[in-house]
Amino acid sequence: KSGTLKMLCLARSSSSSGGTLADLAEDEPPEYPIPKVATTLAHAILMYGGATTEGIFRVPGEVEAVHALKLQMEKGDFNVDAEEVKNDPHTAGSLLKLWLRSLEEPLLPCELYFEATESHGEPEKVLALLDKLPSPNRQVALFIIDFLKVMSTHSQHTKMGLENLAMVFAPCFMRCPSTDPMVIFQHSKHESDFMTALIANATIPEEFRCPTS
(Lines give C-alpha, C1' and ligand atoms only; values in the text may rest on other atoms or scores of the structure.)
Protein backbone atom coordinates (compact mmCIF):
# COMPACT_ATOMS: atom_id res chain seq x y z
CA LYS A 1 0.00 0.00 0.00
CA SER A 2 1.07 3.56 -0.59
CA GLY A 3 2.30 4.88 2.75
CA THR A 4 1.31 8.52 2.41
CA LEU A 5 -2.10 7.87 0.86
CA LYS A 6 -2.83 5.14 3.38
CA MET A 7 -1.82 7.45 6.21
CA LEU A 8 -3.97 10.32 4.99
CA CYS A 9 -6.94 8.28 3.73
CA LEU A 10 -7.39 10.96 1.08
CA ALA A 11 -8.26 8.78 -1.89
CA ARG A 12 -11.35 6.65 -1.46
CA SER A 13 -11.15 5.23 -4.98
CA SER A 14 -7.49 4.24 -4.94
CA SER A 15 -7.00 0.55 -4.30
CA SER A 16 -3.56 1.31 -2.89
CA SER A 17 -4.78 3.75 -0.26
CA GLY A 18 -6.52 1.55 2.31
CA GLY A 19 -8.77 4.43 3.19
CA THR A 20 -10.26 3.52 6.56
CA LEU A 21 -9.55 5.13 9.90
CA ALA A 22 -8.65 1.70 11.26
CA ASP A 23 -5.86 1.52 8.67
CA LEU A 24 -4.77 5.03 9.52
CA ALA A 25 -4.74 4.33 13.27
CA GLU A 26 -2.07 1.68 12.72
CA ASP A 27 0.27 4.38 11.40
CA GLU A 28 -0.39 7.07 13.99
CA PRO A 29 1.74 7.15 17.16
CA PRO A 30 -0.45 6.22 20.16
CA GLU A 31 0.18 9.60 21.78
CA TYR A 32 -1.42 11.27 18.72
CA PRO A 33 -4.84 9.63 18.36
CA ILE A 34 -6.11 12.18 15.81
CA PRO A 35 -4.74 12.04 12.23
CA LYS A 36 -2.35 14.87 11.51
CA VAL A 37 -4.31 15.95 8.45
CA ALA A 38 -7.34 16.73 10.65
CA THR A 39 -5.45 18.60 13.36
CA THR A 40 -3.36 20.55 10.84
CA LEU A 41 -6.35 21.72 8.81
CA ALA A 42 -8.42 22.63 11.87
CA HIS A 43 -5.51 24.64 13.27
CA ALA A 44 -4.97 26.38 9.91
CA ILE A 45 -8.64 27.39 9.71
CA LEU A 46 -8.48 28.97 13.15
CA MET A 47 -4.98 30.46 12.71
CA TYR A 48 -5.77 32.14 9.39
CA GLY A 49 -9.05 33.78 10.32
CA GLY A 50 -11.64 31.13 9.61
CA ALA A 51 -13.52 32.09 12.78
CA THR A 52 -14.13 35.58 11.36
CA THR A 53 -14.71 34.58 7.72
CA GLU A 54 -18.30 34.78 6.55
CA GLY A 55 -19.52 31.54 5.00
CA ILE A 56 -16.63 29.38 6.18
CA PHE A 57 -17.29 25.75 5.08
CA ARG A 58 -20.25 26.90 2.98
CA VAL A 59 -18.14 28.90 0.51
CA PRO A 60 -15.69 26.66 -1.38
CA GLY A 61 -12.00 27.37 -1.63
CA GLU A 62 -10.31 27.96 -4.98
CA VAL A 63 -10.14 24.58 -6.73
CA GLU A 64 -6.48 24.88 -7.70
CA ALA A 65 -5.40 25.92 -4.19
CA VAL A 66 -7.36 23.08 -2.54
CA HIS A 67 -5.92 20.56 -5.00
CA ALA A 68 -2.38 21.82 -4.45
CA LEU A 69 -2.73 21.53 -0.66
CA LYS A 70 -4.20 18.04 -1.03
CA LEU A 71 -1.27 16.88 -3.18
CA GLN A 72 1.19 18.45 -0.74
CA MET A 73 -0.31 16.63 2.24
CA GLU A 74 -0.47 13.35 0.34
CA LYS A 75 3.32 13.65 0.12
CA GLY A 76 3.51 14.00 3.90
CA ASP A 77 4.15 17.75 3.89
CA PHE A 78 1.88 19.41 6.46
CA ASN A 79 3.27 22.93 6.10
CA VAL A 80 0.36 25.36 5.85
CA ASP A 81 2.40 28.53 5.29
CA ALA A 82 1.60 28.87 1.57
CA GLU A 83 0.03 32.21 0.69
CA GLU A 84 -3.00 30.47 -0.84
CA VAL A 85 -3.70 28.89 2.56
CA LYS A 86 -2.82 31.87 4.74
CA ASN A 87 -4.88 34.31 2.67
CA ASP A 88 -7.98 32.17 2.30
CA PRO A 89 -9.22 29.91 5.14
CA HIS A 90 -11.74 28.45 2.67
CA THR A 91 -8.81 26.43 1.25
CA ALA A 92 -8.22 24.50 4.46
CA GLY A 93 -11.97 24.37 5.14
CA SER A 94 -12.69 22.78 1.79
CA LEU A 95 -9.90 20.23 2.16
CA LEU A 96 -11.09 19.22 5.64
CA LYS A 97 -14.54 18.45 4.23
CA LEU A 98 -13.00 16.66 1.24
CA TRP A 99 -10.85 14.47 3.49
CA LEU A 100 -13.84 13.43 5.58
CA ARG A 101 -15.96 12.69 2.51
CA SER A 102 -13.12 10.72 0.91
CA LEU A 103 -12.77 8.22 3.72
CA GLU A 104 -13.53 4.72 2.46
CA GLU A 105 -15.77 4.26 5.49
CA PRO A 106 -17.52 7.41 6.79
CA LEU A 107 -17.09 8.41 10.42
CA LEU A 108 -20.56 7.02 11.04
CA PRO A 109 -20.38 3.50 9.55
CA CYS A 110 -23.04 2.76 6.94
CA GLU A 111 -24.65 0.07 9.10
CA LEU A 112 -25.57 2.79 11.62
CA TYR A 113 -26.90 5.27 9.05
CA PHE A 114 -30.61 4.48 9.27
CA GLU A 115 -30.50 4.29 13.06
CA ALA A 116 -28.97 7.78 13.01
CA THR A 117 -31.50 9.31 10.63
CA GLU A 118 -34.37 7.72 12.53
CA SER A 119 -33.14 9.11 15.86
CA HIS A 120 -34.98 12.38 15.07
CA GLY A 121 -32.21 14.29 16.80
CA GLU A 122 -33.10 12.92 20.24
CA PRO A 123 -29.95 13.49 22.34
CA GLU A 124 -30.00 10.13 24.15
CA LYS A 125 -30.29 8.16 20.92
CA VAL A 126 -27.70 10.31 19.16
CA LEU A 127 -25.13 9.98 21.94
CA ALA A 128 -25.75 6.23 22.16
CA LEU A 129 -24.81 5.98 18.49
CA LEU A 130 -21.63 7.96 19.11
CA ASP A 131 -20.62 5.30 21.64
CA LYS A 132 -21.17 2.58 19.03
CA LEU A 133 -18.54 3.97 16.67
CA PRO A 134 -15.31 2.02 16.20
CA SER A 135 -12.58 3.57 18.34
CA PRO A 136 -10.65 5.36 15.52
CA ASN A 137 -13.90 6.73 14.08
CA ARG A 138 -15.10 7.89 17.48
CA GLN A 139 -11.82 9.66 18.25
CA VAL A 140 -11.87 11.63 15.00
CA ALA A 141 -15.60 12.33 15.35
CA LEU A 142 -15.06 13.77 18.83
CA PHE A 143 -12.25 16.01 17.58
CA ILE A 144 -14.29 17.31 14.64
CA ILE A 145 -17.36 17.81 16.84
CA ASP A 146 -15.34 19.87 19.30
CA PHE A 147 -13.88 21.90 16.44
CA LEU A 148 -17.41 22.62 15.21
CA LYS A 149 -18.45 23.60 18.72
CA VAL A 150 -15.62 26.14 18.70
CA MET A 151 -16.59 27.42 15.25
CA SER A 152 -20.25 27.76 16.22
CA THR A 153 -19.33 30.31 18.90
CA HIS A 154 -18.20 32.70 16.14
CA SER A 155 -21.45 32.67 14.17
CA GLN A 156 -21.85 36.44 14.54
CA HIS A 157 -18.89 36.73 12.12
CA THR A 158 -19.21 33.61 10.01
CA LYS A 159 -23.01 33.40 9.73
CA MET A 160 -22.45 29.69 10.33
CA GLY A 161 -24.29 28.76 13.50
CA LEU A 162 -24.86 25.28 14.87
CA GLU A 163 -27.57 24.29 12.40
CA ASN A 164 -25.69 25.63 9.37
CA LEU A 165 -22.52 23.80 10.40
CA ALA A 166 -24.53 20.63 10.97
CA MET A 167 -26.11 20.91 7.52
CA VAL A 168 -22.71 21.32 5.84
CA PHE A 169 -20.91 18.59 7.79
CA ALA A 170 -23.64 15.93 7.91
CA PRO A 171 -22.65 14.58 4.46
CA CYS A 172 -19.03 14.50 5.67
CA PHE A 173 -19.97 12.31 8.65
CA MET A 174 -22.47 9.92 7.12
CA ARG A 175 -23.32 8.31 3.80
CA CYS A 176 -26.59 6.63 2.85
CA PRO A 177 -25.93 2.96 2.01
CA SER A 178 -28.90 2.85 -0.37
CA THR A 179 -28.68 3.73 -4.06
CA ASP A 180 -32.42 4.38 -4.29
CA PRO A 181 -32.86 8.14 -4.94
CA MET A 182 -36.12 8.22 -2.98
CA VAL A 183 -34.55 6.58 0.08
CA ILE A 184 -31.58 8.94 -0.11
CA PHE A 185 -33.89 11.96 -0.33
CA GLN A 186 -36.17 10.85 2.50
CA HIS A 187 -33.34 10.22 4.93
CA SER A 188 -31.09 13.13 3.94
CA LYS A 189 -33.63 15.48 5.49
CA HIS A 190 -32.85 13.96 8.91
CA GLU A 191 -29.06 13.92 8.62
CA SER A 192 -28.70 17.51 9.80
CA ASP A 193 -31.02 16.84 12.78
CA PHE A 194 -28.69 14.06 13.87
CA MET A 195 -25.62 16.23 13.34
CA THR A 196 -27.08 19.22 15.17
CA ALA A 197 -27.87 17.08 18.22
CA LEU A 198 -24.40 15.55 18.07
CA ILE A 199 -22.61 18.90 18.11
CA ALA A 200 -24.92 20.38 20.74
CA ASN A 201 -24.86 17.47 23.20
CA ALA A 202 -21.61 15.52 22.88
CA THR A 203 -19.19 15.82 25.79
CA ILE A 204 -15.62 15.92 24.53
CA PRO A 205 -12.83 14.36 26.63
CA GLU A 206 -9.80 16.60 27.05
CA GLU A 207 -7.54 14.47 24.84
CA PHE A 208 -9.81 14.94 21.83
CA ARG A 209 -10.42 18.66 22.15
CA CYS A 210 -9.44 21.00 19.36
CA PRO A 211 -6.69 23.48 20.33
CA THR A 212 -8.07 26.99 19.99
CA SER A 213 -4.74 28.75 19.90
Side-chain angles (χ1 to χ4, degrees), residues 1-2 5-28 30 32-39 41-42 57 95-149 162-163 165-205 207-210:
K1 292 183 178 181
S2 168
L5 285 178
K6 176 172 177 288
M7 179 181 70
L8 290 175
C9 301
L10 274 167
R12 185 197 318 168
S13 60
S14 172
S15 61
S16 66
S17 69
T20 69
L21 286 169
D23 290 331
L24 185 148
E26 295 175 2
D27 293 309
E28 291 291 326
Y32 299 110
I34 309 302
K36 194 169 183 179
V37 62
T39 57
L41 291 172
F57 304 122
L95 186 55
L96 179 62
K97 292 191 300 176
L98 175 62
W99 176 69
L100 289 169
R101 290 195 308 269
S102 298
L103 292 171
E104 184 177 305
E105 175 188 71
L107 288 181
L108 182 84
C110 290
E111 60 267 24
L112 297 177
Y113 177 86
F114 292 116
E115 191 176 346
T117 57
E118 292 167 6
S119 69
H120 303 293
E122 296 179 23
E124 287 187 9
K125 293 180 179 179
V126 169
L127 296 179
L129 276 169
L130 181 61
D131 289 336
K132 289 183 180 181
L133 300 188
S135 181
N137 297 46
R138 183 174 180 274
Q139 291 172 356
V140 174
L142 288 169
F143 176 83
I144 298 295
I145 291 165
D146 191 62
F147 173 61
L148 296 178
K149 284 177 180 283
L162 194 65
E163 293 183 358
L165 289 170
M167 188 178 302
V168 169
F169 273 86
C172 302
F173 262 65
M174 53 206 306
R175 193 179 308 143
C176 184
S178 174
T179 57
D180 184 329
M182 185 59 68
V183 173
I184 294 171
F185 174 74
Q186 289 175 341
H187 286 270
S188 65
K189 295 182 291 185
H190 303 294
E191 290 179 0
S192 60
D193 293 337
F194 171 80
M195 196 69 199
T196 298
L198 197 58
I199 301 170
N201 296 284
T203 300
I204 313 299
E207 63 267 32
F208 302 125
R209 288 186 182 169
C210 173

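The two atoms that bring Q186 and K189 nearest to each other are O-CE, 3.6 Å, heavy atoms only. Here the closest heavy-atom approach between residue A116 and residue L129 is recorded as CA-CD1, 3.3 Å. Residues L108 and F194 come closest through the heavy atom pair CD1-CZ, 4.2 Å. Nearest heavy-atom pair across R175 and P106 is NH1-CD, 3.5 Å. Here the closest non-hydrogen pair linking C176 and V183 is SG-CG1, 4.3 Å. Contact between P177 and C110 at its shortest, heavy atoms only, is CG-O, 3.9 Å.
Checking side-chain atoms of K149 against main-chain N and O of A202 turns up a donor-acceptor pair under 3.5 Å.
We find the CD1-CG distance between I199 and L148 to be 4.5 Å, quoted to the nearest 0.5 Å. To the nearest 0.5 angstrom, T196 atom OG1 is 13.0 Å from F169 atom CZ. To the nearest 0.5 Å, atoms CG (D193) and CE (M195) are separated by 12.5 Å. Note that OG of S192 and CZ of F173 are 13.5 Å apart. Values are rounded to the nearest 0.5 Å. Rounding to the nearest 0.5 angstrom, the gap separating the OG atom in S102 from the CG atom in L95 is 8.5 Å. Note that the OG1 atom of T203 and the CG atom of L127 stand 7.0 Å from one another [nearest 0.5 Å].
Listed by first then second residue, pairs satisfying side-chain hydrogen bond (donor to acceptor under 3.5 Å, both in side chains) with a partner in residues 117-127 read T117-H187, not counting sequence neighbours.
For the side chain to side chain donor-acceptor pair (under 3.5 Å) test, residues two or more places apart in sequence or in another chain that qualify with S135 are Q139. D131 is linked by a salt bridge (charged side-chain N to carboxylate O under 4.0 Å, His left out) to R138, counting only residues two or more places apart in sequence or in another chain. Applying the side chain to side chain donor-acceptor pair (under 3.5 Å) rule to E115 yields the partners K132; only residues at least two apart in sequence or on another chain are considered. Checked against side chain to side chain contact (heavy atoms under 4.5 Å, CB included), P123 has the following partners two or more places apart in sequence or in another chain: N201.
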Show, in sequence, the C-alpha distance, side-chain angles and deciding distance for V37 and L41, and conclude whether the side chain to side chain contact (heavy atoms under 4.5 Å, CB included) test is met.
CA-CA 6 Å; V37 62; L41 291 172; 3.8 Å; yes
When you look at L112 and M174, which way does the side chain to side chain contact (heavy atoms under 4.5 Å, CB included) test go after all the steps?
CA-CA 9 Å; L112 297 177; M174 53 206 306; over 6 Å; no
Solution key, residues 140-147 side-chain donor-acceptor pairs under 3.5 Å, sequence neighbours excluded:
residue : atom : partner : partner atom : Å
D146    : OD2  : C210    : N            : 2.8

